[in-house]
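Below is one structure, written out as C-alpha cells; the observations come after it.
Bear in mind that the values here come from a model prediction, so they are computed numbers and not experimental data.
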Amino acid sequence: MRHNFVIILASAMLAGCGSSPQDTKAPNVEETRNGSLTKAAEDVVDAFHTALKAGDTEDAMALLTDNVLIYEGGGAEKSKAEYASHHLDADIAFLKGMKQSVSARSAKATGDMVLVTSQGVTKGTDKDKAINSTSAETMVLRLIDGQWRIVHIHWSSADIKPIAPTS
C-alpha cells in the first residue's frame with residue numbers, strides 16, 4: 001500500500017506540483033501521528049464539495065492550485081482554468097440534484113502532501129434520469145503557504161445495479 005501512495009504522490013508532483021524550498025510549516029512525524037494535519041486536509045476536501053454543491057465557484061476554485069490535474073470520466077483537465085471552462089458548471093448543476101454520502105475515507109500524510117481517498121454513494125435525479133451510483137475519489141493536497149490546496153483529483157463512479165429477486 002505504501003508503494004501505491006508513493007506512486008500517486010510522485011505522479012502528482014510530475015503533473016506540475018513540483019518541489020519548493022523547505023517550508024517551515026511542513027508537517028512533522030508527531031503531527032502526522034495525531035491526525036491534525038490529515039483532518040485539516042479532509043476539511044478542505046469537504047469544503048470543496050460544499051462549495052460545488054452550493055454553486056460557489058469562487059470558494060471551490062480557491063481550494064485548487066493553478067496547475068491542478070483532474071481525472072474524470074476517462075479525461076483529464078490540466079489546470080484550474082481548464083476545469084473552470086469545461087466541467088465546473090456541469091459538476092455544479094449535477095450536484096444540485098444529488099444527495100451524497102461518504103461510506104469510507106482514509107487520509108495519509110507525508111511531508112507537505114496528504115492523500116485523501118473516499119468512497120460513497122450518490123443518489124438523485126439529473127436531467128430526468130435517476131442516479132444511484134457508487135463513487136470513488138482520490139485527492140492529493142499540498143501544504144502551500146500554510147494552507148492545504150488540492151493538486152490532484154481523480155473521480156470515478158459506477159451505477160448500483162438493483163438486486164434481482166430470487167425465486
Side-chain angles (χ1 to χ4, degrees), residues 1 4-5 7-12 15-17 35-110 113-144 147-166:
M1 181 68 180
N4 292 342
F5 180 60
I7 289 171
I8 289 169
L9 287 178
S11 298
C17 301
S36 63
L37 292 171
T38 56
K39 172 70 170 106
E42 289 179 74
D43 290 346
V44 169
V45 169
D46 291 338
F48 180 72
H49 286 287
T50 298
L52 286 179
K53 178 109 175 136
D56 188 341
T57 58
E58 187 175 327
D59 281 357
M61 294 293 96
L63 298 172
L64 302 174
T65 59
D66 289 341
N67 57 351
V68 65
L69 175 62
I70 301 174
Y71 291 150
E72 179 179 18
E77 293 170 321
K78 298 177 183 166
S79 70
K80 182 190 324 191
E82 188 176 350
Y83 177 60
S85 68
H86 289 115
H87 285 109
L88 174 63
D89 290 339
D91 287 348
I92 288 170
F94 176 79
L95 289 172
K96 284 187 181 191
M98 296 300 138
K99 179 174 172 88
Q100 294 183 299
S101 61
V102 175
S103 57
R105 177 172 278 169
S106 172
K108 298 192 183 340
T110 183
M113 306 281 276
V114 171
L115 171 69
V116 180
T117 58
S118 306
Q119 292 178 288
V121 174
T122 301
K123 292 182 180 186
T125 304
D126 180 50
K127 299 175 188 165
D128 297 325
K129 180 184 175 199
I131 305 293
N132 186 20
S133 63
T134 60
S135 61
E137 172 184 86
T138 301
M139 287 201 191
V140 178
L141 294 88
R142 183 166 182 213
L143 193 61
I144 301 171
Q147 301 292 317
W148 288 110
R149 294 292 178 252
I150 301 165
V151 298
H152 175 65
I153 301 171
H154 190 159
W155 285 311
S156 64
S157 62
D159 289 338
I160 296 174
K161 304 294 184 206
I163 299 172
T166 58

Once rounded to the nearest 0.5 Å, what's the spacing between atom [atom1] of [X] and atom [atom2] of [Y]?
X    : Y    : atom1 : atom2 : value
H152 : L115 : NE2   : CG    : 9.0 Å
F94  : T122 : CZ    : OG1   : 6.0 Å
T50  : L95  : OG1   : CG    : 10.5 Å
T65  : K80  : OG1   : NZ    : 7.5 Å
I153 : I70  : CD1   : CD1   : 4.0 Å
T117 : M139 : OG1   : CE    : 11.5 Å

4.5 Å side-chain heavy-atom contact, [X] and [Y]:
X    : Y   : result
L141 : V45 : yes
S79  : N67 : no
L88  : L52 : yes
W155 : D91 : yes

Test side chain to side chain donor-acceptor pair (under 3.5 Å) applied to E72 and H87, step by step: CA-CA 9 Å; E72 179 179 18; H87 285 109; 4.7 Å; no
Where is the tightest heavy-atom contact between [X] and [Y], given as atom of each residue plus distance?
X    : Y    : answer
A107 : T38  : CB-CB, 3.6 Å
M61  : A84  : SD-CB, 4.1 Å
E82  : A76  : OE2-O, 3.6 Å
W148 : R142 : CE3-C, 3.4 Å
S157 : S133 : CB-OG, 4.3 Å
A51  : A60  : CB-N, 3.6 Å

Check: Q100/H49 side-chain N/O donor and acceptor closer than 3.5 Å: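 On atom types as modelled, these side chains do not qualify, holding no pair under 3.5 Å.
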Residues F48, L64; criterion side chain to side chain contact (heavy atoms under 4.5 Å, CB included); working and verdict: CA-CA 9 Å; F48 180 72; L64 302 174; 3.8 Å; yes
Salt bridge (charged side-chain N to carboxylate O under 4.0 Å, His left out) partner of D46, the single match among K39, R105, K53: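 Single pass found, and it is R105.
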Criterion side chain to side chain contact (heavy atoms under 4.5 Å, CB included) on M113 and V151, from CA distance to verdict: CA-CA 9 Å; M113 306 281 276; V151 298; 4.3 Å; yes
Option from V102, I131, I160 for which side chain to side chain contact (heavy atoms under 4.5 Å, CB included) with V121 holds: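 With V121 as partner, V102, I131, I160 yield a single side chain to side chain contact (heavy atoms under 4.5 Å, CB included), made by I160.
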Main-chain N/O of K99 paired to K123 side chain as donor or acceptor, under 3.5 Å: no
Geometric class of the H154/Y71 ring pair [parallel <30°, tilted 30-60°, perpendicular >60°]: perpendicular
Worked check of side chain to side chain contact (heavy atoms under 4.5 Å, CB included) between Q119 and T134: CA-CA 7 Å; Q119 292 178 288; T134 60; over 6 Å; no
